[in-house]
> 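Just passing along the structure, written as C-alpha coordinates.
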There are 2 protein chains.
Amino acid sequence: MTPPPRPADALTLEVVDLIATVVARYHEEYEEAAARHSLTGAQARVLALLAREPLPMRKIALKLKCEPSNITGIVDRLEARDLVERRPDPDDRRVKLAAATEEGRRTAARLRESLHFAREPLAGLSETERATLRDLLRRMLGEQA
Amino acid sequence: MTPPPRPADALTLEVVDLIATVVARYHEEYEEAAARHSLTGAQARVLALLAREPLPMRKIALKLKCEPSNITGIVDRLEARDLVERRPDPDDRRVKLAAATEEGRRTAARLRESLHFAREPLAGLSETERATLRDLLRRMLGEQA
DNA sequence: TATTGTTATACTCTATAACTATA
DNA sequence: TATAGTTATAGAGTATAACAATA
(Lines give C-alpha, C1' and ligand atoms only; values in the text may rest on other atoms or scores of the structure.)
Protein backbone atom coordinates (compact mmCIF):
# COMPACT_ATOMS: atom_id res chain seq x y z
CA MET A 1 0.00 0.00 0.00
CA THR A 2 2.59 2.53 1.13
CA PRO A 3 5.28 3.14 -1.45
CA PRO A 4 8.76 2.29 -0.20
CA PRO A 5 10.64 5.22 1.30
CA ARG A 6 13.06 6.72 -1.13
CA PRO A 7 15.94 8.97 -0.24
CA ALA A 8 15.10 12.39 -1.65
CA ASP A 9 17.81 14.55 -3.13
CA ALA A 10 18.21 18.19 -2.14
CA LEU A 11 16.62 19.47 -5.34
CA THR A 12 13.49 17.39 -4.82
CA LEU A 13 13.18 18.49 -1.21
CA GLU A 14 13.51 22.10 -2.31
CA VAL A 15 10.69 21.69 -4.82
CA VAL A 16 8.55 19.97 -2.17
CA ASP A 17 9.19 22.91 0.13
CA LEU A 18 8.23 25.40 -2.58
CA ILE A 19 5.02 23.49 -3.21
CA ALA A 20 4.25 23.55 0.51
CA THR A 21 4.64 27.33 0.41
CA VAL A 22 2.35 27.61 -2.60
CA VAL A 23 -0.22 25.48 -0.79
CA ALA A 24 -0.04 27.66 2.34
CA ARG A 25 -0.38 30.91 0.38
CA TYR A 26 -3.24 29.56 -1.70
CA HIS A 27 -5.16 28.46 1.36
CA GLU A 28 -4.62 31.73 3.19
CA GLU A 29 -5.91 33.71 0.28
CA TYR A 30 -8.88 31.42 -0.24
CA GLU A 31 -9.97 31.72 3.39
CA GLU A 32 -9.50 35.50 3.32
CA ALA A 33 -11.52 35.84 0.12
CA ALA A 34 -14.30 33.70 1.61
CA ALA A 35 -14.26 35.76 4.81
CA ARG A 36 -14.67 38.97 2.80
CA HIS A 37 -18.02 37.51 1.72
CA SER A 38 -18.79 36.32 5.27
CA LEU A 39 -18.36 32.72 4.20
CA THR A 40 -16.28 29.98 5.79
CA GLY A 41 -13.91 28.02 3.59
CA ALA A 42 -16.23 25.03 3.49
CA GLN A 43 -19.24 27.20 2.59
CA ALA A 44 -17.26 28.88 -0.18
CA ARG A 45 -16.18 25.53 -1.62
CA VAL A 46 -19.75 24.20 -1.63
CA LEU A 47 -21.07 27.41 -3.17
CA ALA A 48 -18.40 27.32 -5.89
CA LEU A 49 -19.42 23.73 -6.64
CA LEU A 50 -23.14 24.50 -6.83
CA ALA A 51 -22.56 27.59 -8.96
CA ARG A 52 -21.54 25.23 -11.75
CA GLU A 53 -24.45 22.80 -11.45
CA PRO A 54 -27.04 21.55 -8.94
CA LEU A 55 -25.90 18.47 -7.05
CA PRO A 56 -27.44 15.86 -4.73
CA MET A 57 -26.30 16.31 -1.14
CA ARG A 58 -24.40 13.06 -1.26
CA LYS A 59 -22.36 14.10 -4.28
CA ILE A 60 -21.30 17.29 -2.52
CA ALA A 61 -19.94 15.16 0.31
CA LEU A 62 -18.04 13.01 -2.18
CA LYS A 63 -16.46 16.07 -3.82
CA LEU A 64 -15.52 17.60 -0.47
CA LYS A 65 -14.39 14.22 0.86
CA CYS A 66 -16.36 14.52 4.07
CA GLU A 67 -19.33 12.75 5.64
CA PRO A 68 -22.76 13.44 4.08
CA SER A 69 -24.16 14.49 7.44
CA ASN A 70 -21.88 17.53 7.44
CA ILE A 71 -23.31 18.83 4.19
CA THR A 72 -26.72 19.24 5.78
CA GLY A 73 -25.47 22.01 8.07
CA ILE A 74 -23.34 23.75 5.45
CA VAL A 75 -26.21 23.86 2.96
CA ASP A 76 -28.57 24.92 5.78
CA ARG A 77 -26.43 27.98 6.43
CA LEU A 78 -26.09 28.83 2.76
CA GLU A 79 -29.83 28.40 2.33
CA ALA A 80 -30.54 30.68 5.28
CA ARG A 81 -28.71 33.41 3.35
CA ASP A 82 -30.55 32.66 0.11
CA LEU A 83 -27.35 31.69 -1.67
CA VAL A 84 -28.52 28.11 -2.20
CA GLU A 85 -31.84 26.29 -2.36
CA ARG A 86 -32.95 22.67 -2.08
CA ARG A 87 -35.04 21.20 -4.89
CA PRO A 88 -36.66 17.78 -5.19
CA ASP A 89 -35.19 15.36 -7.72
CA PRO A 90 -38.01 14.32 -10.07
CA ASP A 91 -36.35 10.96 -10.69
CA ASP A 92 -35.82 9.88 -7.09
CA ARG A 93 -37.86 11.27 -4.27
CA ARG A 94 -35.18 10.42 -1.72
CA VAL A 95 -32.74 12.85 -3.36
CA LYS A 96 -32.54 16.58 -2.71
CA LEU A 97 -30.71 18.69 -5.25
CA ALA A 98 -28.84 21.65 -3.84
CA ALA A 99 -28.64 24.52 -6.33
CA ALA A 100 -27.12 28.00 -6.20
CA THR A 101 -29.63 30.84 -6.42
CA GLU A 102 -29.10 33.80 -8.71
CA GLU A 103 -27.54 35.66 -5.80
CA GLY A 104 -25.45 32.62 -4.95
CA ARG A 105 -24.03 32.53 -8.46
CA ARG A 106 -23.20 36.24 -8.27
CA THR A 107 -21.43 35.73 -4.95
CA ALA A 108 -19.52 32.75 -6.33
CA ALA A 109 -18.43 34.79 -9.36
CA ARG A 110 -17.21 37.69 -7.23
CA LEU A 111 -15.38 35.25 -5.00
CA ARG A 112 -13.67 33.64 -7.96
CA GLU A 113 -12.56 37.00 -9.29
CA SER A 114 -11.08 38.01 -5.97
CA LEU A 115 -8.74 35.01 -5.99
CA HIS A 116 -5.71 36.78 -7.34
CA PHE A 117 -3.25 34.23 -6.08
CA ALA A 118 -1.39 32.37 -8.78
CA ARG A 119 -2.95 34.65 -11.36
CA GLU A 120 -1.08 37.82 -10.38
CA PRO A 121 2.30 36.18 -9.73
CA LEU A 122 1.91 34.19 -12.91
CA ALA A 123 1.80 37.45 -14.81
CA GLY A 124 5.51 37.77 -14.07
CA LEU A 125 6.23 34.73 -16.19
CA SER A 126 6.41 34.79 -19.97
CA GLU A 127 3.93 32.77 -21.98
CA THR A 128 6.59 30.18 -22.74
CA GLU A 129 7.40 29.86 -19.06
CA ARG A 130 3.75 29.48 -18.12
CA ALA A 131 3.40 26.74 -20.71
CA THR A 132 6.45 24.99 -19.27
CA LEU A 133 5.01 25.25 -15.77
CA ARG A 134 1.70 23.87 -17.01
CA ASP A 135 3.39 20.88 -18.63
CA LEU A 136 5.48 20.09 -15.56
CA LEU A 137 2.49 20.33 -13.22
CA ARG A 138 0.43 18.19 -15.57
CA ARG A 139 3.06 15.48 -15.58
CA MET A 140 3.36 15.66 -11.80
CA LEU A 141 -0.38 15.22 -11.37
CA GLY A 142 -0.97 12.88 -14.25
CA GLU A 143 1.17 10.11 -12.87
CA GLN A 144 -0.99 9.81 -9.79
CA ALA A 145 -4.29 9.62 -11.61
CA MET B 1 -5.16 47.45 -1.64
CA THR B 2 -6.80 45.08 -4.09
CA PRO B 3 -4.91 44.79 -7.37
CA PRO B 4 -6.97 45.77 -10.39
CA PRO B 5 -8.77 42.87 -12.06
CA ARG B 6 -6.92 41.65 -15.07
CA PRO B 7 -8.37 39.46 -17.81
CA ALA B 8 -6.64 36.12 -17.54
CA ASP B 9 -5.75 34.18 -20.66
CA ALA B 10 -6.64 30.52 -21.06
CA LEU B 11 -3.09 29.37 -20.34
CA THR B 12 -2.95 31.25 -17.05
CA LEU B 13 -6.33 29.90 -15.98
CA GLU B 14 -5.15 26.40 -16.78
CA VAL B 15 -2.08 26.82 -14.61
CA VAL B 16 -4.23 28.26 -11.80
CA ASP B 17 -6.45 25.21 -12.08
CA LEU B 18 -3.48 22.86 -11.93
CA ILE B 19 -2.20 24.64 -8.85
CA ALA B 20 -5.63 24.31 -7.23
CA THR B 21 -5.43 20.57 -7.89
CA VAL B 22 -1.96 20.39 -6.38
CA VAL B 23 -3.22 22.25 -3.33
CA ALA B 24 -6.18 19.89 -2.89
CA ARG B 25 -4.02 16.78 -3.24
CA TYR B 26 -1.39 18.09 -0.88
CA HIS B 27 -3.95 18.91 1.78
CA GLU B 28 -5.69 15.57 1.51
CA GLU B 29 -2.46 13.71 1.95
CA TYR B 30 -1.35 15.90 4.83
CA GLU B 31 -4.58 15.31 6.74
CA GLU B 32 -4.42 11.58 6.06
CA ALA B 33 -0.82 11.37 7.22
CA ALA B 34 -1.70 13.29 10.39
CA ALA B 35 -4.69 11.01 11.01
CA ARG B 36 -2.47 7.94 10.75
CA HIS B 37 -0.69 9.31 13.81
CA SER B 38 -4.00 10.23 15.48
CA LEU B 39 -3.26 13.92 14.99
CA THR B 40 -5.45 16.62 13.51
CA GLY B 41 -3.99 18.82 10.79
CA ALA B 42 -3.51 21.71 13.19
CA GLN B 43 -1.81 19.50 15.77
CA ALA B 44 0.51 18.09 13.10
CA ARG B 45 1.45 21.57 11.91
CA VAL B 46 2.25 22.75 15.43
CA LEU B 47 4.23 19.61 16.17
CA ALA B 48 6.22 20.00 12.94
CA LEU B 49 7.00 23.57 13.93
CA LEU B 50 8.10 22.67 17.46
CA ALA B 51 10.20 19.74 16.23
CA ARG B 52 12.53 22.34 14.71
CA GLU B 53 12.80 24.62 17.72
CA PRO B 54 10.93 25.58 20.90
CA LEU B 55 8.64 28.58 20.41
CA PRO B 56 6.63 30.94 22.60
CA MET B 57 2.91 30.33 22.36
CA ARG B 58 2.40 33.67 20.67
CA LYS B 59 4.89 32.89 17.90
CA ILE B 60 3.10 29.64 17.11
CA ALA B 61 -0.08 31.65 16.59
CA LEU B 62 1.76 34.03 14.26
CA LYS B 63 3.13 31.16 12.18
CA LEU B 64 -0.25 29.45 11.98
CA LYS B 65 -1.99 32.77 11.41
CA CYS B 66 -4.62 32.19 14.05
CA GLU B 67 -5.50 33.74 17.39
CA PRO B 68 -3.13 32.99 20.30
CA SER B 69 -6.02 31.70 22.40
CA ASN B 70 -6.41 28.75 20.03
CA ILE B 71 -2.85 27.59 20.56
CA THR B 72 -3.54 26.93 24.23
CA GLY B 73 -5.92 24.09 23.40
CA ILE B 74 -3.81 22.60 20.62
CA VAL B 75 -0.69 22.53 22.80
CA ASP B 76 -2.79 21.18 25.70
CA ARG B 77 -3.78 18.19 23.58
CA LEU B 78 -0.23 17.59 22.35
CA GLU B 79 1.07 17.91 25.90
CA ALA B 80 -1.51 15.40 27.17
CA ARG B 81 0.09 12.88 24.80
CA ASP B 82 3.63 13.77 25.84
CA LEU B 83 4.54 15.00 22.39
CA VAL B 84 5.13 18.54 23.58
CA GLU B 85 5.98 20.23 26.87
CA ARG B 86 5.79 23.78 28.18
CA ARG B 87 8.92 25.37 29.63
CA PRO B 88 9.41 28.72 31.32
CA ASP B 89 11.37 31.36 29.41
CA PRO B 90 14.29 32.42 31.64
CA ASP B 91 14.32 35.89 30.04
CA ASP B 92 10.63 36.74 30.42
CA ARG B 93 8.44 35.12 33.02
CA ARG B 94 5.30 35.91 31.06
CA VAL B 95 6.42 33.68 28.22
CA LYS B 96 5.94 29.92 27.99
CA LEU B 97 8.08 28.06 25.50
CA ALA B 98 6.42 25.08 23.85
CA ALA B 99 8.96 22.40 22.93
CA ALA B 100 8.66 18.98 21.28
CA THR B 101 9.64 16.07 23.51
CA GLU B 102 11.90 13.28 22.27
CA GLU B 103 8.79 11.30 21.34
CA GLY B 104 7.31 14.38 19.70
CA ARG B 105 10.36 14.74 17.48
CA ARG B 106 10.19 11.07 16.54
CA THR B 107 6.50 11.41 15.64
CA ALA B 108 7.22 14.55 13.61
CA ALA B 109 10.00 12.77 11.72
CA ARG B 110 7.80 9.77 10.88
CA LEU B 111 5.06 12.12 9.78
CA ARG B 112 7.42 14.02 7.51
CA GLU B 113 8.64 10.80 5.93
CA SER B 114 5.11 9.63 5.23
CA LEU B 115 4.37 12.70 3.13
CA HIS B 116 5.02 11.13 -0.23
CA PHE B 117 3.10 13.72 -2.16
CA ALA B 118 5.16 15.81 -4.50
CA ARG B 119 8.15 13.61 -3.73
CA GLU B 120 6.90 10.49 -5.51
CA PRO B 121 5.38 12.23 -8.51
CA LEU B 122 8.47 14.41 -8.78
CA ALA B 123 10.50 11.27 -9.32
CA GLY B 124 8.94 11.08 -12.77
CA LEU B 125 10.66 14.31 -13.76
CA SER B 126 14.30 14.51 -14.81
CA GLU B 127 16.75 16.50 -12.75
CA THR B 128 16.72 19.28 -15.35
CA GLU B 129 12.93 19.40 -15.26
CA ARG B 130 12.86 19.53 -11.46
CA ALA B 131 15.32 22.42 -11.56
CA THR B 132 13.12 24.24 -14.08
CA LEU B 133 10.07 23.67 -11.88
CA ARG B 134 11.98 24.96 -8.87
CA ASP B 135 12.99 28.14 -10.69
CA LEU B 136 9.48 28.82 -11.95
CA LEU B 137 7.94 28.28 -8.51
CA ARG B 138 10.60 30.47 -6.93
CA ARG B 139 9.84 33.30 -9.31
CA MET B 140 6.11 32.89 -8.73
CA LEU B 141 6.55 33.11 -4.98
CA GLY B 142 9.38 35.59 -4.92
CA GLU B 143 7.42 38.36 -6.54
CA GLN B 144 4.92 38.38 -3.70
CA ALA B 145 7.47 38.52 -0.93
C1' DT C 1 0.26 50.83 30.51
C1' DA C 2 1.35 47.08 27.44
C1' DT C 3 2.12 42.24 26.69
C1' DT C 4 1.78 36.94 27.44
C1' DG C 5 -0.86 33.25 28.10
C1' DT C 6 -5.18 31.69 29.63
C1' DT C 7 -10.19 31.23 30.30
C1' DA C 8 -14.98 31.67 28.82
C1' DT C 9 -18.12 31.78 25.09
C1' DA C 10 -20.16 30.98 20.73
C1' DC C 11 -20.00 29.23 16.08
C1' DT C 12 -18.46 26.10 12.54
C1' DC C 13 -16.59 21.79 10.81
C1' DT C 14 -15.93 17.00 11.47
C1' DA C 15 -17.01 11.86 12.22
C1' DT C 16 -20.15 8.42 14.16
C1' DA C 17 -24.45 6.42 14.94
C1' DA C 18 -29.37 6.18 14.72
C1' DC C 19 -33.53 7.64 12.47
C1' DT C 20 -37.09 8.61 8.17
C1' DA C 21 -38.60 8.25 3.80
C1' DT C 22 -38.06 6.42 -0.07
C1' DA C 23 -36.28 2.71 -3.47
C1' DT D 1 -32.71 -4.68 2.23
C1' DA D 2 -30.34 -0.82 0.67
C1' DT D 3 -29.87 4.18 -0.12
C1' DA D 4 -30.52 9.56 0.58
C1' DG D 5 -30.90 12.89 3.73
C1' DT D 6 -31.38 14.18 8.37
C1' DT D 7 -30.81 14.44 13.39
C1' DA D 8 -28.21 13.93 17.64
C1' DT D 9 -23.90 13.94 19.75
C1' DA D 10 -19.18 14.77 20.84
C1' DG D 11 -14.55 16.54 19.75
C1' DA D 12 -11.80 19.93 17.58
C1' DG D 13 -10.62 24.49 15.41
C1' DT D 14 -11.72 29.32 15.20
C1' DA D 15 -12.50 34.37 16.74
C1' DT D 16 -13.77 37.56 20.39
C1' DA D 17 -13.59 39.42 24.86
C1' DA D 18 -12.04 39.54 29.54
C1' DC D 19 -8.68 38.13 33.01
C1' DA D 20 -4.12 37.31 35.91
C1' DA D 21 0.75 37.62 35.94
C1' DT D 22 4.54 40.02 34.39
C1' DA D 23 7.03 43.63 31.92
Side-chain angles (χ1 to χ4, degrees), chain A residues 24 27-50 54-81 83-99, chain B residues 24 27-50 54-81 83-99:
Chain A
H27 245 85
E28 266 174 55
E29 178 165 332
Y30 195 89
E31 295 289 323
E32 281 167 14
R36 280 196 292 276
H37 294 273
S38 304
L39 293 170
T40 64
Q43 286 165 12
R45 281 186 286 278
V46 169
L47 184 58
L49 222 54
L50 299 182
L55 287 174
M57 303 296 280
R58 194 146 292 249
K59 284 224 172 152
I60 303 175
L62 283 174
K63 297 239 183 194
L64 258 72
K65 290 188 204 299
C66 74
E67 293 302 313
S69 60
N70 300 324
I71 305 301
T72 298
I74 296 172
V75 168
D76 280 351
R77 288 180 274 279
L78 289 170
E79 198 167 29
R81 291 174 55 188
L83 298 172
V84 156
E85 63 182 8
R86 278 182 242 245
R87 302 176 190 159
D89 181 333
D91 299 339
D92 187 336
R93 286 194 298 172
R94 292 173 303 180
V95 172
K96 286 178 193 169
L97 293 171
Chain B
H27 245 85
E28 263 173 59
E29 178 164 332
Y30 196 88
E31 295 289 324
E32 281 167 15
R36 280 196 291 275
H37 294 274
S38 303
L39 293 169
T40 65
Q43 287 166 12
R45 280 187 287 278
V46 169
L47 183 58
L49 223 53
L50 299 182
L55 287 175
M57 302 295 280
R58 195 148 290 252
K59 284 224 172 151
I60 302 175
L62 283 174
K63 298 240 183 192
L64 258 73
K65 294 189 203 299
C66 74
E67 293 302 312
S69 59
N70 300 324
I71 305 301
T72 299
I74 297 173
V75 168
D76 279 352
R77 288 180 273 278
L78 289 170
E79 198 168 28
R81 291 173 55 186
L83 298 173
V84 155
E85 62 183 9
R86 282 169 166 97
R87 301 174 190 162
D89 180 335
D91 299 339
D92 186 335
R93 286 194 297 172
R94 291 174 304 180
V95 173
K96 286 178 192 167
L97 294 171

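These numbers come from the heavy atoms of this one structure, side chains and all, not from hydrogens, waters or symmetry mates. Protein chains get the first letters and strands the later ones, always in sequence-line order, with residue 1 at the start of each.
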> Of Glu67(A) and Asp92(A), whose nearest nucleotide on DNA chain C comes first from the 5' end?
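First, find each residue's nearest nucleotide; the 5'-ward one identifies Glu67(A).
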> Side chains of Cys66(B) and Ile71(B): does their closest heavy-atom pair fall under 4.5 Å?
yes
> So, does Arg93(A) get its side chain near the phosphate of dT20(C), meaning an N or O under 4.0 Å from OP1 or OP2?
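So the side chain of Arg93(A) is outside the cut-off, no N or O lying under 4.0 Å from OP1 or OP2 of dT20(C).
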> Let me know the distance between CD1 of Ile74(B) and C1' of dA12(D), rounded to the nearest Å.
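Going from Ile74(B) (CD1) to dA12(D) (C1'), I get 9 Å.
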> Quick one: do Asp76(B) and Arg86(B) make a salt bridge, cutoff under 4.0 Å?
yes
> Roughly how many Å is it from CE in Met57(B) to P in dT7(C), rounded to a whole number?
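Between P of dT7(C) and CE of Met57(B): 10 Å.
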> Tell me: CG of Leu97(B) to P of dG5(C), nearest whole Å?
8 Å
> On a plain distance test, is the side chain of Arg94(B) in donor-acceptor contact with the base of dT3(C) below 3.5 Å?
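Per atom types, the contact qualifies.
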> Examine dT6(D): is either OP1 or OP2 under 4.0 Å from a nitrogen or oxygen in the side chain of Arg86(A)? Give yes or no.
yes
> Below the 4.0 Å mark, does dT6(D) have OP1 or OP2 next to a side-chain nitrogen or oxygen of Lys96(A)?
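Yes, such a contact exists.
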> Taking the nucleotide of DNA chain D with the nearest heavy atom to each, does Arg77(B) or Ser69(B) sit closer to the 5' end?
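Its nearest nucleotide being more 5', the pick is Arg77(B).
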> Please report, rounded to the nearest Å, how far the P atom of dT14(C) is from the CG atom of Leu64(A).
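In whole Å, dT14(C) P lies 7 Å from Leu64(A) CG.
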> Specify the separation, in whole Å, of atom CG of Leu55(B) and atom P of dG5(C).
10 Å
> For Thr40(B) and Ala34(B), which heavy atoms make the closest approach, and how far apart are they?
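Scanning both residues completely, I find the closest heavy atoms to be O-CB, 3.9 Å.
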> Of the listed nucleotides (dT6(D), dT12(C), dA15(C)), which one gets closest to any side-chain atom of Gln43(A)?
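Selected nucleotide: dT12(C).
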> Is there a side-chain contact between Ile60(B) and Ile74(B), using heavy atoms and a 4.5 Å cut-off?
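Contact flag for Ile60(B)/Ile74(B) side chains = no.
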